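What follows is a single structure, written as structure tokens, with notes after it.
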Amino acid sequence: MGAVTSSTGRVVVVGSTNADLLVGVAAHPAPGETVLGHGMRVMSGGKGANQAVAAARLGADVAFVGAVGDDEFADAALAGLRSAGVDLTALVVVPGRRTGIAIVTVSDDGENSIVVVPGANAAVDEAVVGAHVDLVGGAATVVLQGEIPRAAIEAAARSARGRLVVNLAPVLDVDEDVLLRADPLVLNEHEARLVAGALDVPAEESEEVLVRGLLARGVRSVVLTLGPRGALVGLDDDVTEVSAPRVRAVDTTGAGDAFVGALAHGLARGDGLVDAARTAARVGAYAVRSPGAQASYPSAGDELPAV
Ligand code: ADP
């Protein structure tokens with residue numbers, strides 16, 4: 001595959017955007033304890049925004065459907081989307097609501113503890129999606145995750161006319177139709193076992209059998225991400241292993257989102273699913289080599305690590 005070029009179809013991401021507040025601590029406080037932190041940073045985050053930024057940086061034409069509040073964190077939540085050139089005309093600013101935030105405490109031994117307050121992301125409902133049904137319906141690829149209410153996910157899945165990428169992270173209860181329309185359904189191993197359980201597919205099986213079980217249950221295609229081991233792509237009767245390049249992992253935050261954004265970009269420009277997943281695995285590996293989520297994503301023309 002050659003250099004990344006501009007895409008042929010639009011990617012529409014319906015999802016969450018947050019301001020991530022990161023602080024470092026020597027050790028996490030025990031309940032009731034106060035500790036001194038260091039290195040406060042505010043970064044753009046949220047799975048939907050991360051995925052939109054990943055796709056846009058690679059050259060996709062991306063629009064974002066989501067919501068922020070009218071508070072001081074809105075700009076921080078949107079900064080990454082803005083600088084990546086994502087179309088924000090379908091963004092809703094909810095009066096009187098707070099922007100979604102994630103408070104991330106990172107200890108010196110690298111362990112994260114995270115509190116997410118959805119705020120305005122909880123206001124992304126059926127009506128918000130309904131107001132942009134032409135945008136969603138006109139997209140070559142629609143991308144959904146699990147950080148907005150299920151009614152919005154279900155409405156967007158119904159409105160999609162192009163390819164539907166569903167990354168059910170975190171796993172939430174959605175109409176089975178969303179899972180059966182997904183092409184692909186993108187899950188990590190933990191999520192895949194939960195979804196398998198919900199669809200009455202045997203969950204205690206090997207990874208490959210799990211993928212085959214989801215396909216047999218009627219899911220159109222499945223991408224199971226496996227961290228440093230890459231991913232399995234299940235399509236028709238085939239399960240294809242896609243390797244991730246070996247890299248020195250510094251921070252895996254947002255790697256799954258980089259993978260999904262890159263996958264959406266590839267599918268929107270007409271790549272086959274396995275080819276798109278091969279590039280996405282390299283983009284995911286790129287993202288773990290430096291700290292942060294959006295801050296660690298490649299731009300078109302950046303050299304991706306080779307498998
Ligand atoms: P999630 O963060 O959603 O659990 P994964 O950990 O499976 O997702 O990571 C998504 C993708 O990012 C993987 O499929 C792989 O391509 C890449 N990736 C993640 N961790 C590593 C790693 N340590 N080395 C190389 N690639 C990685």
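All values reported here derive from a predicted model rather than from experimental measurement. Both counts, for ligands and for their atoms, begin at 1 and track the order of listing.
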*Indicate whether any N or O donor in one side chain lies under 3.5 Å from an N or O acceptor in the other, for T89 and D87.*
yes
*Within the protein, residues bringing a heavy atom under 4.0 Å of ligand 1, chain by chain*: N188, T225, L226, G227, P228, G230, A244, P245, V247, A249, A255, G256, F259, A281, G284, A285, V288
*Examine the side chains of D183 and S221 and answer whether a donor and an acceptor come within less than 3.5 Å of each other.*
yes
*So with a 6.0 Å cut-off around CD of E241, is the heavy-atom count from everything else above 12?*
no
*Give a yes or no on whether D108 atom CG has more than 12 heavy-atom contacts from other residues, nucleotides or ligands under 6.0 Å away.*
yes
*From CA spacing to verdict: side-chain hydrogen bond (donor to acceptor under 3.5 Å, both in side chains), T240, D238*: CA-CA 6 Å; T240 307; D238 291 326; 5.8 Å; no
*Should the pair R289 and Y286 be classed as cation-pi, given the thresholds of under 6.0 Å to the six-membered ring centre and 45° from the axis?*
yes
